[in-house]
Structure formats: structure tokens, C-alpha cells
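Here's the structure, in C-alpha cells; my notes come after.
Per chain, numbering begins at 1; letters A, B, ... match sequence-line order.
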Protein chains: 2
Amino acid sequence: MSELLAERAAWTIAELAREFGVTTRAIRFYEAEGMIAPERQGQHRLYHPRDRVRLKLILRGKRLGFTLAEIREIIDLYDREPGEAGQLDHFLEKIAERRAELEQKRRDIALTLDELAEVEGNCRRRLRELGRTDGR
Amino acid sequence: MSELLAERAAWTIAELAREFGVTTRAIRFYEAEGMIAPERQGQHRLYHPRDRVRLKLILRGKRLGFTLAEIREIIDLYDREPGEAGQLDHFLEKIAERRAELEQKRRDIALTLDELAEVEGNCRRRLRELGRTDGR
DNA sequence: TTTAACGTTTACGTAAACGTCAATCATATG
DNA sequence: CATATGATTGACGTTTACGTAAACGTTAAA
């Protein structure tokens, strides 16, 4: 029988590293930075679903070009306590800031994709021209 | 009379720095990396529209988390010569790679925005509850 | 004429994010 | 029992992308 991911409750550091395509060194580094806190079985680390989610969020943030410090702040937004009213306002401001950044990135992506599409169009047109020049 | 941007044909390094919110050091660094090549008027640098476009592309790439090396590759895609057929295939592959990266980033952004929206929803709900608890 | 204001080159410093050993320990397997 | 496998903790090295400071050269204004 295959071991479905959902059935597993814990992973070693090497398993996580393979699954996410990062080194064990990187995973330990994120822990040293206080971004993951795996269980300890004696000397060894044991990663649970919660830790995997964390790692996934970290790597997603990295793909978007956020620094680890920024990623930490974003993750902190996720697992906060309900909190007091005054805190909540400040909290909403932080969320708004992050959203603004993300929307800027989204615009940047749209522009770049448009430009790439144009370059690709030129390229394909040129290819067709060469095809005719070849006498086909 | 105001000097419209479109009328200007050249800028000093300090003007560019102010306009784009970067340091002159950074601009010179991009030049040292071969990403910009401003005209020289004796000792001084003179930036033309073409250089501004370059700088804009560099900064956009940075916002998306690309390294300068990657940004250089992307820019190289833009100002290439038509080229030969064999080169064009390779060229199209490069474009496809970049597009895949950008689309991954776009998915990452969508996910993060969704999560932030959920967190914000919880936050606002909590605020309304507090409002009622306050007796208003 | 001196003193800002703006520019230049050269060079060393630095923060972030790991990479890369080395030494050590536990377990497991032939 | 010896060796291989996988983990651990230091600790120093490396790359990227500039920051920062020194030393110097031009105008331009007081």
C-alpha cells in the first residue's frame, strides 16, 4: 500500500528537503531564524503538518522576492490571536500594506508577460519569414 | 513653462536617482554590471530615454525578486537582433521559461491575496463583535 | 577666493541567505 | 563488531547588491 501524504503525521528533515527541493541546511536555517519549530525526538527533529505548511509559506514568499524578515511578518499575520480593538486597526493596516505590495507585483508581472508576448510574436513572425525564404 | 518629461532628452544621475527612488551608487553599480551604458560628457554621465527604460526594467525585475543576473537575461531578450532560425528556437525556449516563472509568481500572489483576504475578514468580524460588546 | 553643490573613481564594509566543511553521535545491517 | 547511513552542532566561507567613506575634480554663488 502506498503511504499517502495525508496519512503521514511526521517527516524527517531529509524527507522534507527532498519534497520541497531545498537543502537540510536551509531548513535548519529557517528554524534558527525562528520561522519553524519542529518537535524534538531526543537529538533528532520531527516535522509535523504544521511545519510543512510553514515551510511552504516560506518558499512561496521567497519565490515572490520577499526577504525572510518580510515572510516572517506575513506568517505572523496568519497565526495571530484575535486581539484587542486597537491592535486590530494596526493589524488591518499591515494587511493593507502587504496587499498593496502584492498588487504592485501583479502589475509588474502583467507588464512583463505582455512584453514577452510581443517579443515572442516578433520571433515567430521572423521564423515564418525564414520558412518562406527557404523556399517552402 | 514646465519641463515635460517627454521634452527632456537627458538627465543627470542625481535626477534619475530622485525620480526612481534609488541611490546614485545603485545606478552606477548597474552600469558596472553592464546593464546600463549612459553617454559620457567628459567626466560626467548623461542618461537618455533609453537608459531610463533600462533602469525601469531593472527596478521592476527587482520588485519581482529576480536577481540582477536574471534581469539582465530578461532585458537581453528584449533588445536582441532578429537572428537565425536555430537561435530563434533557443530564444523561444528562454521566453517560455521566463513565462513559466512569471505564471508561478502570479499563482503565488493569488494564493497569498486570498489568505490575506481571509485573515482580514476574520479581523473585521472580530471588530464588529467588539463593537457590540462595547454596548453600542 | 573660498565654500558649497554635484560629480567622479577607488576601495573597503556589510547584511542576507545560505554553502561547505569538520567532528561527533546513534542506529542498523551484513 | 565494523562499516554504512543519516542525523546533529559548530564554525568559517561565499555570493549578491549595494552602503559608506575617502580623495579628488569642476562649475557657481557669496
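Nucleic acid contact for Thr23(A): sugar-phosphate only, since backbone atoms but no base atoms lie under 4.0 Å from a heavy atom of the residue. At the heavy-atom level, Thr12(B) lies under 4.0 Å from the strands shown only through sugar-phosphate atoms.
Taken residue by residue, residues 65-78 of chain B places no heavy atom nearer than 4.0 Å to DNA chain C. Listed by residue number, Arg28(B), Arg40(B), Gln43(B), His44(B), Arg45(B) are the residues of residues 28-47 of chain B with a heavy-atom contact under 4.0 Å to DNA chain C.
Under the 3.5 Å distance criterion, with hydrogens and angles disregarded, a donor-acceptor pair is assigned to the side chains of Asp108(B) and Gln104(B).
The nearest pair of heavy atoms linking Glu15(A) to Ala10(A) is OE1-O, 4.4 Å.
Rounded to an integer number of Å, the gap from Lys62(A) NZ to dT16(D) P is 14 Å. In this structure, Leu55(A) atom CG and dC18(C) atom P are separated by 11 Å, rounded to whole Å. One can place CH2 of Trp11(B) at 15 Å from P of dG7(C), the figure rounded to the nearest angstrom. Rounded to whole Å, atom P of dC18(D) lies 13 Å from atom CD1 of Ile13(B).
Closest-nucleotide positions on DNA chain C for Arg25(B) and Glu15(B) were compared, and the one nearer the 5' end corresponds to Glu15(B).
Taking the ring axis of Tyr47(B) as reference, the NZ or CZ atom of Arg52(B) does not stay both within 45° of it and closer than 6.0 Å to the ring centre. In this structure, Arg54(A) fails the cation-pi test against Tyr30(A), since its NZ or CZ atom is not both closer than 6.0 Å to the six-membered ring centre and inside 45 degrees of the ring normal.
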- Take Asp89(B) and Leu127(A), measure what side-chain contact (heavy atoms from CB on, under 4.5 Å) needs, and give me the verdict at the end. CA-CA 9 Å; Asp89(B) 284 350; Leu127(A) 266 178; 4.0 Å; yes
- Item | Residues Glu73(B), Lys94(B); criterion salt bridge (Lys or Arg N to Asp or Glu O under 4.0 Å); working and verdict | CA-CA 9 Å; Glu73(B) 282 192 47; Lys94(B) 294 268 220 149; 3.2 Å; yes
- Item | Candidate pair Arg106(B) and Leu113(A), rule side-chain contact (heavy atoms from CB on, under 4.5 Å), full reasoning | CA-CA 11 Å; Arg106(B) 199 163 56 178; Leu113(A) 281 173; 3.5 Å; yes
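The neighbour count for His48(B) NE2, taken as heavy atoms of other residues, nucleotides or ligands under 6.0 Å away, is above 12.
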